[in-house]
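Okay, structure first, notes after.
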Amino acid sequence: MSTQQPKPLPFAATFAAGAIAGVSEILTFYPLDVVKTRMQLETGKSSVGLVGSFKKIIAEEGAGRLYRGLVPPLLLEAPKRAVKFAANDFWGNTFLELTGESKMTQQLSIMTGCSAGATESFVVVPFELVKIKLQDKASTFAGPVDVLKQIVRKEGLLGLYVGMESTFWRHLWWNGGFFGSIFQVRALLPKAESTQGQLGNNFISGAVGGFVGTAMNTPFDVVKSRIQGTAKVPGVVPKYNWTYPALVTIFREEGPAALYKGFVPKVLRLAPGGGVLLLVVEFTLGVFRNALGPPYI
């Protein structure tokens with residue numbers, strides 16, 4: 001029996017698998033993202049928790065508000081998730097060549113994930129900015145196009161990249177935790193004896209990766225939400241501007257717990273969401289491998 005490794009799938013297949021997985025995940029878990037953002041934008045001690053936030057939004061603004069701002073991330077999910085997994089493949093192969101390793105290691109998987117996250121961050125900033133503006137309770141924008149028009153008119157095209165630095169750190173740490181954990185959990189799980197078992201292992205490792213990534217990047221996500229959610233005032237230096245100084249400011253003024261505002265809805269989305277993401281990606285890639293046949297199997 002040949003022990004030759006399957007040939008890597010074409011970029012188009014990896015791109016499509018990431019896109020399908022991303023759209024599946026966001027359609028399932030988006031309301032949790034809205035609640036997470038609301039909790040992160042609230043300064044001082046939070047007055048309500050996860051359930052209270054859901055009830056408050058529905059009671060005061062209607063259930064439809066839980067899907068406000070869906071269009072930008074939905075449009076983003078295809079390129080974002082596709083870039084994530086394509087970049088992870090690219091950086092993984094690059095680091096293997098640079099180090100001379102024959103197979104992925106724990107350290108390389110973390111480096112690969114961080115590099116993929118950094119790459120992904122450059123794609124997502126404008127979409128994230130529009131989403132935050134629409135999710136804010138105080139938002140008066142008519143929709144995504146109105147957000148774009150007003151930002152470009154007031155701040156120019158570069159205004160669409162407000163929060164770039166904080167987004168970079170958010171994605172770097174999440175992807176490092178996500179892909180690094182996936183590698184370790186897969187090594188610990190019993191070898192799957194069937195397709196169903198393999199899909200189950202993918203869901204478990206993806207869910208654990210989603211939890212670890214969320215635990216690592218939530219403080220950076222809080223800062224990103226504050227930076228992108230604060231309206232700019234001419235001549236006034238923003239309170240939240242750069243990531244690490246902002247972390248210190250929030251810690252000093254609101255305490256360490258404030259750095260994990262929105263953690264519960266975020267982890268409830270991204271832990272199972274990470275499982276769904278990896279499960280759909282691996283399933284879709286398997287379909288492509290079977291359709292293309294040797295040498296991809």
Side-chain angles (χ1 to χ4, degrees), residues 5-28 72-99 101-128 131 161 164 167-183 185-186 198-199 202-203 205-207 209-210 212-214 217 270 273-293 295-297:
Q5 291 293 318
K7 182 179 178 182
L9 284 165
F11 173 78
T14 306
F15 186 97
I20 293 168
V23 171
S24 301
E25 186 270 337
I26 197 169
L27 287 174
T28 306
L74 197 57
L75 292 175
L76 166 65
E77 279 307 301
K80 172 185 173 182
R81 300 304 188 186
V83 167
K84 177 196 294 292
F85 286 96
N88 192 65
D89 281 350
F90 169 79
W91 287 112
N93 292 330
T94 300
F95 288 134
L96 285 173
E97 290 180 9
L98 289 174
T99 59
E101 295 281 355
S102 59
K103 61 181 181 178
M104 188 61 65
T105 65
Q106 177 72 28
Q107 291 75 17
L108 287 180
S109 67
I110 294 173
M111 289 172 58
T112 296
C114 288
S115 300
T119 304
E120 176 190 30
S121 68
F122 290 95
V123 178
V124 308
V125 180
F127 295 90
E128 280 285 323
K131 184 195 74 171
Y161 277 83
M164 174 68 238
T167 303
F168 173 89
W169 290 114
R170 184 185 81 151
H171 285 266
L172 182 146
W173 290 118
W174 195 88
N175 281 270
F178 180 67
F179 287 109
S181 297
I182 286 172
F183 178 90
V185 174
R186 277 176 167 168
Q198 184 61 54
L199 292 176
N202 285 334
F203 181 83
S205 56
V212 173
T214 302
N217 94 326
L270 292 178
V276 169
L277 194 66
L278 189 62
L279 190 153
V280 175
V281 164
E282 294 296 338
F283 175 80
T284 308
L285 289 175
V287 171
F288 284 134
R289 288 191 184 97
N290 290 330
L292 293 172
Y296 299 103
I297 298 177

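Positions are given from 1, in the same order as the sequence printed here.
No more than 12 heavy atoms of other residues, nucleotides or ligands shown are found within 6.0 angstrom of CZ on Phe283.
Residues Phe288 and Ala13 come closest through the heavy atom pair CE1-O, 3.4 Å. The two residues Thr119 and Ser115 have their closest heavy-atom pair at OG1-O, 2.8 Å. The two residues Gly176 and Cys114 have their closest heavy-atom pair at CA-SG, 3.6 Å. Across all their heavy atoms, Ala118 and Phe168 have their closest contact at CB-CE1, 3.4 Å. Contact detail for Ser109 and Phe183: the closest heavy-atom pair is OG-CB, 3.6 Å. Taking both residues in full, the closest heavy atoms of Leu279 and Leu199 are given as CD1-O, 3.7 Å, listed atom of the first, atom of the second, then distance.
Taking CG of Leu285 as the reference point, atom CG of Asn202 lies at 10.0 Å (rounded to 0.5 Å). If you take CD on Glu101 and CZ on Phe95, they are separated by 13.0 Å, rounding to the nearest 0.5 Å. For the atom pair Phe179 CZ and Asn88 CG, the distance stands at 4.0 Å (nearest 0.5 Å). Here the CZ-OG1 distance, from Arg289 to Thr284, works out to 10.5 Å after rounding to the nearest 0.5 Å. Here the straight-line distance linking atom CZ of Phe122 with atom OG1 of Thr167 works out to 10.5 Å at 0.5 Å rounding. Going from atom CG of Leu98 over to atom CH2 of Trp91 covers 9.0 Å, rounded to the nearest 0.5 Å.
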Kindly indicate, with the supporting measurements, whether the criterion side chain to side chain contact (heavy atoms under 4.5 Å, CB included) is fulfilled by Thr214 and Trp174. CA-CA 6 Å; Thr214 302; Trp174 195 88; 3.4 Å; yes
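Side-chain contact between Leu292 and Pro10 is present, with heavy atoms from C-beta onward closer than 4.5 Å.
Judged by distance alone, the side chain of Asn217 and the main-chain N or O of Arg170 form a donor-acceptor pair under 3.5 Å.
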